[in-house]
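Notes follow once the structure below has been shown.
Quick caveat, the model's predicted, so the values are computed rather than measured. Naming convention: chains lettered A, B, ... in sequence-line order (proteins, then strands); numbering from 1 in each chain.
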Number of protein chains: 2
Amino acid sequence: MTLSERIRHDFESRILSGTLAPGERLPTEQDLMELYGCARMTVNKALSALSAAGLVERRRKAGTFVARPRVHSMAMDIPDLGAEVAARGQAYRFALSRRKLVRAADAAVKWDVNGEVPLLELSGIHFADDAPMAWEHRFVNAAAVPEIVEAEFSSPGGWLLEHVPWTEADARITAAAATGAEAKALAVSAGAPCLCIERRTWRGTEPITYVRQLFLAGAYELNAHFGPSAGSR
Amino acid sequence: MTLSERIRHDFESRILSGTLAPGERLPTEQDLMELYGCARMTVNKALSALSAAGLVERRRKAGTFVARPRVHSMAMDIPDLGAEVAARGQAYRFALSRRKLVRAADAAVKWDVNGEVPLLELSGIHFADDAPMAWEHRFVNAAAVPEIVEAEFSSPGGWLLEHVPWTEADARITAAAATGAEAKALAVSAGAPCLCIERRTWRGTEPITYVRQLFLAGAYELNAHFGPSAGSR
DNA sequence: CTCGCGATAATGTATAGACAAAAAGAAATC
DNA sequence: GATTTCTTTTTGTCTATACATTATCGCGAG
């Protein structure tokens, strides 16, 4: 591994692990060049790469700072439903119907976490202007994000977006008919078409959350854009 | 604009416009440093950035080459249904039901192309093991891709993937109930839940294709992965 | 003709230094 | 006290050079 790669990796892992919190300032290039005993260009290359990757933000004279978790830099927005509904001028509300700490082994979901890991199980309904638009069932790795167990939030997705940067995610998107319980919660008849999104996110290799969301057809659409992204410049 | 940015931009635009074709070799760093009258590090920075962005591939001793159109490097795969169905061990077939050259102004679809542009309108059904799985309605910019008008293909999506690299795409994903005509084509009852994908692609700023696909719930799922991609290294 | 091997041409990384640009913070002025 | 101006710190870019790395190409031996 080359030196600049090592410097980059050092800070990357500290940022991803949370040792360096969002907003925190990194040492100056001067300091790092003494610390690693190398030329400034070498340090600069490493930090510039981190900046291009969106992990840090650099400001002249001020310094280099760990970037705040980015919502929009990824190819597909991880939607913060609250913000989206508000952007359409509707009133948003999330009604929590379940909040319980469970062992991973007891969770009725296949998720690649160790059975002894504590999970916070959450479920509830998203409302736009008091009309139900989505049903959500979520598990959060309470070992990785202990704060959430006591946290107050208006919606779990929004809270996570603000507090826990994710570095990796996958999504599975299907269409499904609402089953009895789901249909009842969403106040539609059984068999109504829904958009089903299952998503898992990680910070590094550490699982953060698994969520299954069921959107009423017509109430929501997913938009994705692929191409030269602003974050890659 | 800095010099290295300018060098990068020069080649980026030539690659995206197709002036530099995939596989073609770029000048060596030596040549470029004479051409632009600068140091090699400056050229190197520009080319390394292009390499990190996945636009070129660099090989020691061999040189720098325009990367081949990448199907899988983007965050979400633009699915080639034929390949996916085949991967599941099923027999794939596309039944073309319409193939007609129309003026953009006459197309019953809102798409941001000039009204006089000739479009090839295609529609048909995707079968897996002789069971219909999706209905597709597509327009292709015949001015940008004249070859397709005469082309033989087993599926329009597969043909485009192989022949026309796209640089930008967006997608709109919703759930919908199959309407009468659609339900009939897919051999299900009206109101059956479907996954609806509308997608547009561009090469540079030139529109390539617009497609609306309707998948039967259960017959198909969309998978996306977000994270440090192989192309960004 | 084939295989292996070395010369060579290309990229990859690093150095030390220089100047530019921006912006925060301090000082001077109104 | 508010505004302007100056200083200084920190990043941004570029230069010229050096050496490392490696895959390709051509040549020679078998």
Contact boundaries on DNA chain C for chain B, cut-off under 4.0 Å to non-hydrogen atoms: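 Footprint of chain B along DNA chain C, 5' to 3': C:dT8 to C:dA14.
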
Closest-nucleotide ordering on DNA chain C, the 5'-leading residue of A:K61 and A:M1: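 With A:M1 and A:K61 compared, the 5'-side residue is A:M1.
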
Plane angle bin for A:F215 and A:Y220 - parallel if under 30°, tilted between 30 and 60°, otherwise perpendicular: parallel

Nucleic acid contacts of residues 34-45 of chain A, taken as heavy-atom distances under 4.0 Å to DNA chain C: A:C38, A:A39, A:R40, A:M41, A:T42, A:K45

Under 3.5 Å: donor-acceptor pair, side chain of A:R172, backbone of A:R200: no

Donor-acceptor under 3.5 Å (A:N141 side chain, A:T209 main chain): no

Any pair counted as salt bridge (Lys or Arg N to Asp or Glu O under 4.0 Å), so long as it reaches residues 203-213 of chain A, sequence neighbours left out: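 Counting only pairs at least two positions apart or across chains, the salt bridge (Lys or Arg N to Asp or Glu O under 4.0 Å) contacts touching residues 203-213 of chain A are A:E182-A:R212, A:R203-A:E206.
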
Residue pair A:R58, A:S51: steps toward the side chain to side chain donor-acceptor pair (under 3.5 Å) verdict: CA-CA 7 Å; A:R58 314 196 72 193; A:S51 169; 5.9 Å; no

Near-ring test A:F11/A:H9, centroid separation under 6.0 angstrom: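 Ring-ring flag for A:H9/A:F11: false, centres at least 6.0 Å apart.
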
Touch class at under 4.0 angstrom, heavy-atom based, for B:T64 against every strand present: sugar-phosphate

Sugar-phosphate, base or nothing in reach of A:L3, heavy atoms under 4.0 Å: sugar-phosphate

Length of the CZ-P vector between A:R58 and D:dT13, whole Å: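 It is 10 Å, rounded to the nearest whole Å.
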
Residue pair A:D10, A:Y36: steps toward the side chain to side chain donor-acceptor pair (under 3.5 Å) verdict: CA-CA 11 Å; A:D10 279 3; A:Y36 285 92; 2.6 Å; yes

A:E24 atom CD, neighbour heavy-atom count above 12 within 6.0 Å: yes

Below 4.0 Å: OP1/OP2 of D:dT24 and any side-chain N or O of B:R60: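 Checking D:dT24 against B:R60, no side-chain N or O comes under 4.0 Å of OP1 or OP2.
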
